[in-house]
Protein chains: 2
Amino acid sequence: MINQAGEYALRAVVHLARRDGLQPDSASDIAAATKVPQAYLQKILRTLTKQNILIAQRGMGGGFKLAKLSSAISVLEVLKACDSGPSRIERCPLGIAGHTQLCSLHRLIDQQTASVESTFATTSIADLIDNQDHIHPLCDPNTGSLAQVNLGVPNTSNGGG
Amino acid sequence: MINQAGEYALRAVVHLARRDGLQPDSASDIAAATKVPQAYLQKILRTLTKQNILIAQRGMGGGFKLAKLSSAISVLEVLKACDSGPSRIERCPLGIAGHTQLCSLHRLIDQQTASVESTFATTSIADLIDNQDHIHPLCDPNTGSLAQVNLGVPNTSNGGG
DNA sequence: TCATTAATAGATAGTGGACTCTATTATCCA
DNA sequence: TGGATAATAGAGTCCACTATCTATTAATGA
């Protein structure tokens with residue numbers, strides 16, 4: 001449903017949204033804060049820039065920032081930009097000519113996909129940040145710092161949530 | 001969410017459920033009816049047998065049949081048998097120690113996953129077959145025959161639904 | 001006991017997603 | 001104008017998933 005690139009893209013966009021109005025943030029800083037392999041993240045940031053979700057600025061003091069308000073960016077559009085997100089079943093996967101609509105099996109799967117897609121389409125990046133929870137994305141509540149995360153801990157490690 | 005093996009497994013189990021009470025069906029016949037590569041399907045059928053969803057019978061007249069009533073087999077258990085199906089987010093993917101619960105980003109994703117998982121858990125194979133729709137899984141309504149599908153048409157082909 | 005049918009098991013090959021590396025281009029600042 | 005910073009671009013690597021192939025074992029029936 002959400003591939004690795006989509007997960008990484010969401011982290012990056014949420015990170016940038018949390019520092020809204022500040023200077024653009026460099027790829028290596030974003031990579032550190034989001035714990036994403038830097039070389040791979042750069043590709044993803046490039047993709048998000050091409051899709052007009054981010055704006056890139058080269059040179060000293062450059063980096064990436066949001067191209068629009070975080071309330072105007074849906075979770076779904078970030079995912080789709082990376083060819084991620086739920087993918088609907090358009091036609092009978094078996095190619096049965098008589099199946100002019102999906103059969104019950106594929107309809108079940110597609111309905112679930114559609115439901116998730118709808119939720120992601122109506123949830124904005126701002127929605128993820130504006131919640132009252134004391135657990136904030138990418139941010140360790142013990143320090144309150146943005147980038148103060150356990151660098152070096154592999155993604156598969158335990159603890160936290 | 002559902003990998004290729006999971007999709008193929010569901011097709012096979014639905015196919016067998018539709019011929020409930022009949023003789024076991026051979027792997028090659030199941031492969032033809034479900035349009036799954038035979039060699040790969042055999043591995044999947046073996047997996048489903050190990051997980052006690054199917055019963056295998058060797059020798060002449062042998063093949064595979066359901067190990068229990070189709071109403072007692074959930075969609076989810078077929079998927080899980082193949083290491084497929086929605087996978088919940090157990091812990092913070094970034095490993096942030098202070099995240100004792102999921103943050104809003106990962107909670108959003110996990111809630112969607114949980115919803116799909118719940119639906120798959122409460123939907124049985126029988127539910128997929130008992131519907132009143134005239135479009136039946138794996139079955140071309142133009143012929144009404146079980147295995148009478150467009151053999152040779154690749155899975156990516158157009159038409160039907 | 002023998003031939004036939006069909007599942008079992010494991011080695012092998014192809015493919016796409018995840019990730020890396022390096023060279024290049026653009027921008028800023030002194 | 002030159003050096004530092006940082007994005008851009010694309011080729012290349014790695015591995016899990018997908019799929020195939022072959023030899024073996026088991027069951028059936030004559």
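Small disclaimer: the values here were computed from a predicted structure and weren't measured. To find a chain, count down the sequence lines: A is the first, B the second, and so on, and within it residues start at 1.
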- Closer to the 5' end of DNA chain C via nearest nucleotide, is it A:Q57 or A:L41? A:L41
- Message: Let's see if you can work this out: which of D:dA19, D:dG29, D:dT20 has an atom nearest to the side-chain heavy atoms of B:P37?
- Response: D:dT20
- Item | Distance-minimising heavy-atom pair for A:V116 and B:Q112 | CA-OE1, 3.6 Å
Find every protein N or O atom lying less than 3.5 Å from an N or O atom of nucleotides 9-15 of chain D, and list the pairs.
unit_1, atom_1, unit_2, atom_2, d
D:dA9, OP2, A:R46, NE, 2.3
D:dA9, OP2, A:R46, NH2, 2.6
D:dA11, N6, A:K43, NZ, 3.1

Side chains of residues 37-53 of chain B: which donor-acceptor pairs under 3.5 Å do they make with residues two or more places apart or in other chains?
unit_1, atom_1, unit_2, atom_2, d
B:T47, OG1, B:K43, O, 3.0
B:T49, OG1, B:L45, O, 2.7

- Of the candidate nucleotides D:dA19, D:dA6, D:dT5, which contains the atom at the shortest distance from the side chain of A:S26? D:dA6
- Task: Would you mind listing every salt bridge (Lys or Arg N to Asp or Glu O under 4.0 Å) that reaches into residues 95-116 of chain A, with sequence neighbours excluded?
- Result: A:R88-A:D110, A:R107-B:D133
- Qualifying salt bridge (Lys or Arg N to Asp or Glu O under 4.0 Å) pairs with a residue from residues 92-106 of chain B, counting only residues at least two apart or across chains: none
- Would you mind reading off the distance between A:Q23 atom CD and D:dT5 atom C1', rounded to a whole angstrom? 14 Å
- Query: Would you find a donor on one side and an acceptor on the other, under 3.5 Å apart, between the side chain of A:T123 and the backbone of A:T119?
  - Reply: yes
Sequence neighbours left out, cut at 3.5 Å: what donor-acceptor pairs do the side chains of residues 60-87 of chain B make with other protein atoms?
unit_1, atom_1, unit_2, atom_2, d
B:K68, NZ, B:E77, OE1, 3.0
B:S74, OG, B:E77, N, 3.0
B:E77, OE2, B:S74, N, 3.0
B:S84, OG, B:N3, N, 3.0
B:S84, OG, B:N3, OD1, 3.1

- Note on the structure: The first and last nucleotides of DNA chain C lying within contact of chain A, meaning any atom under 4.0 Å from one of its heavy atoms, run from C:dA18 to C:dC29
- B:C103 vs B:C92 side-chain heavy atoms within contact, under 4.5 Å: no
- Task: Could you state the atom-to-atom distance from CD1 of B:I55 to C1' of D:dA27 in whole Å?
- Result: 16 Å
- Length of the line joining B:Q38:CD and D:dT22:P, which is rounded to integer Å: 13 Å
- Message: Taking the nucleotide of DNA chain D with the nearest heavy atom to each, does A:A27 or B:Y40 sit closer to the 5' end?
- Response: A:A27
- Give a yes/no on whether any side-chain N or O of B:Y8 is located under 4.0 angstrom from OP1 or OP2 of D:dA19. yes
- Might you point out which heavy atoms bring B:Q23 and B:R19 nearest each other, and give the distance in Å? O-NH2, 2.6 Å
- Mind listing the closest non-hydrogen atom pair of A:K35 and B:I96 along with its distance? NZ-N, 4.5 Å
- Atom NZ of B:K35 and atom P of D:dT18 are separated, to the nearest Å, by 20 Å
